[in-house]
Amino acid sequence: MHASLRRIYWWLIAPAVVLMLVFYIYPLLQVLWISVTDPVPGFGNYMELIERPLIHRIWITTLRICVITTSITVVAGYAVAFAMARVGERQRTWMMFCVLLTFWLSVLIRAFAWVMLLRSQGIVNSGLMELGLIDEPLRLVRNEFGVIVGMVHFMLPLAVLPIYSNMTGIDTRLLSAARGLGASPAGAFLNVYLPLSKPGIIAATILVFVFSLGFFITPALLGGGKVVMISEYIQVSFEETLRWGQATMLASTLLFSVLLSLALVARFVDLKKVFGAR
């Protein structure tokens, strides 16, 4: 009976497995194949990772922006999640609505809105000049600052939700117990609450960093061509220079970078527990 149930389970998941193989694994293998066969067979495309300074600069820029974005987003997300976990039910509902509202707006609309806000004649510069804080408009777009602002805005819900989910499982009586034993509010938070919320912080960090690596629309609009991340350079290689071998090599390298990041994190934490598996 047990064997027959197992066969039934396999038949139930078979359509999903077939769809995954056809629409994900097969195209992925094609990308890997093109990266070692175009324009000639071999690993010449991958050698460009070592030999071309331009690719070095693009990767360094990508990693720098991703690290800064992840750091700011996780800290801000932790603050928002902590506030949501401590307020009343009505306030929590409104806060959750505001967090989820960004998911219902197109990333293109949000990026273009930031361009309008941060441009030389935008609300931010106009307001600062009206207040007399600056004499001439600041350069807030077409640079890394604008890209980071747009990416943090987009990534914030991805940090808030896993951290808040983790915080809802923390017994607040532990904080009361720590205070009763003589700990200060800061000591109780740092020694009790923060360690218990570590799985949520790790999950948020992984999600934000992985999404940031492959981000395209926001850097393209807010960077204005002056801040080129790896995903934008892949698009240029595909559509403008028509160097498909280079483009697929970069795409493959991006995939390997994500897998390597997960592998490094897995050496220090149990990813199954981090993402809620039992």
Side-chain angles (χ1 to χ4, degrees), residues 54-83 98-129 133-134 136-164 200-236 250 253-254 257-258 260-262 264-265:
L54 174 61
I55 295 180
H56 297 169
R57 290 197 299 270
I58 292 173
W59 263 113
I60 291 172
T61 299
T62 300
L63 293 175
R64 180 173 60 249
I65 291 176
C66 289
V67 170
I68 296 173
T69 297
T70 301
S71 302
I72 297 174
T73 304
V74 172
V75 171
Y78 192 94
V80 174
F82 183 77
C98 292
V99 170
L100 295 178
L101 182 63
T102 60
F103 279 131
W104 304 336
L105 297 175
S106 167
V107 60
L108 181 62
I109 294 175
R110 279 180 280 178
F112 189 71
W114 276 114
V115 172
M116 294 295 101
L117 289 172
L118 299 177
R119 66 191 180 125
S120 298
Q121 296 78 29
I123 295 177
V124 174
N125 272 312
S126 298
L128 292 175
M129 293 179 70
L133 299 178
I134 57 175
E136 58 183 23
L138 301 174
R139 292 187 63 241
L140 301 178
V141 290
R142 303 188 72 183
N143 52 30
E144 290 189 15
F145 175 82
V147 172
I148 291 171
V149 168
M151 289 180 63
V152 168
H153 175 241
F154 180 86
M155 299 292 177
L156 190 60
L158 298 179
V160 171
L161 295 178
I163 295 175
Y164 173 72
I201 296 174
I202 296 172
T205 301
I206 294 172
L207 285 173
V208 174
F209 185 77
V210 169
F211 270 87
S212 298
L213 278 176
F215 226 55
F216 173 71
I217 294 177
T218 299
L221 285 179
L222 291 170
K226 293 188 176 182
V227 180
V228 180
M229 294 180 64
I230 197 69
S231 56
E232 187 177 355
Y233 193 61
I234 291 173
Q235 182 263 339
V236 170
L250 293 172
T253 306
L254 188 61
S257 299
V258 172
L260 179 61
S261 301
L262 294 176
L264 290 175
V265 173

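For an aromatic pair to be called close, the ring centres must be under 6.0 Å apart, and Phe82 with Tyr164 fails this.
The two residues Leu254 and Gly214 come nearest to each other via the heavy atoms CD2-CA, 4.1 Å. When all heavy atoms of Trp114 and Val141 are compared, the pair lying nearest together is O-CG1, 4.4 Å. Residues Ala159 and Val74 come closest through the heavy atom pair CB-CA, 4.3 Å. The minimum heavy-atom distance linking Phe209 with Ser261 is given by the pair CE2-OG, 3.7 Å. Across every non-hydrogen atom of Val99 and Pro157, the tightest pair is O-CG, 3.6 Å.
Rounding to the nearest 0.5 angstrom, the gap separating the CD1 atom in Ile148 from the CE atom in Met155 is 12.0 Å. The distance from the CD1 atom of Ile60 to the CD1 atom of Ile55 is 12.0 Å, given to the nearest 0.5 Å. Taking CD1 of Ile217 as the start and CD of Gln235 as the end, the distance is 11.0 Å to the nearest 0.5 Å. To the nearest 0.5 Å, atoms CD1 (Ile58) and CD1 (Ile234) are separated by 9.5 Å.
When side chains are defined from C-beta on, Leu207 counts as touching Pro162, because their heavy atoms get closer than 4.5 Å. Side-chain contact between Trp104 and Leu101: present, with at least one pair of heavy atoms (C-beta onward) separated by less than 4.5 Å. Residues Met229 and Ser212 fail the side-chain proximity criterion, which asks for heavy atoms closer than 4.5 Å. Inter-residue side-chain proximity for Leu118 and Ile123 is flagged as unmet; no heavy-atom pair is nearer than 4.5 Å. No side-chain heavy atom of Phe145 sits less than 4.5 Å from a side-chain heavy atom of Arg139. When side chains are defined from C-beta on, Leu156 does not count as touching Val208, because their heavy atoms never get closer than 4.5 Å. In this structure, the side chains of Met151 and Ile65 come closer than 4.5 Å at one or more pairs of heavy atoms. The side-chain heavy atoms of Asn125 and Leu140, taken from C-beta on, include a pair separated by under 4.5 Å.
A donor-acceptor contact shorter than 3.5 Å is absent between the side chain of Asn143 and the backbone of Val227. Side-chain N or O atoms of Ser120 include none that pairs as donor or acceptor with a backbone N or O of Pro137 at under 3.5 Å. Thr70 places no side-chain N or O within donor-acceptor distance of the main-chain N or O of Val67, the cut-off being under 3.5 Å. At distances below 3.5 Å, at least one donor-acceptor pair connects side-chain atoms of Thr62 with backbone N or O atoms of Ile230.
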Output, in order, the C-alpha distance, side-chain angles, deciding distance and verdict of side chain to side chain contact (heavy atoms under 4.5 Å, CB included) for Ser257 and Thr253.
CA-CA 6 Å; Ser257 299; Thr253 306; 4.3 Å; yes

Might you work through the side chain to side chain contact (heavy atoms under 4.5 Å, CB included) test for Phe112 and Leu108, ending with a clear yes or no?
CA-CA 6 Å; Phe112 189 71; Leu108 181 62; 5.6 Å; no

Show the numbers, then the answer: is there a salt bridge (Lys or Arg N to Asp or Glu O under 4.0 Å) between Glu144 and Lys226?
CA-CA 9 Å; Glu144 290 189 15; Lys226 293 188 176 182; over 6 Å; no

Please determine whether side chain to side chain contact (heavy atoms under 4.5 Å, CB included) holds for the pair Thr205 and Thr73, giving the CA-CA distance in whole Å, both sets of side-chain angles, and the decisive distance to 0.1 Å.
CA-CA 9 Å; Thr205 301; Thr73 304; over 6 Å; no

From CA spacing to verdict: side chain to side chain contact (heavy atoms under 4.5 Å, CB included), Thr102, Phe154
CA-CA 7 Å; Thr102 60; Phe154 180 86; over 6 Å; no

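Crowding of Arg110 atom CZ: a count of heavy atoms from other residues, nucleotides or ligands under 6.0 Å exceeding 12.
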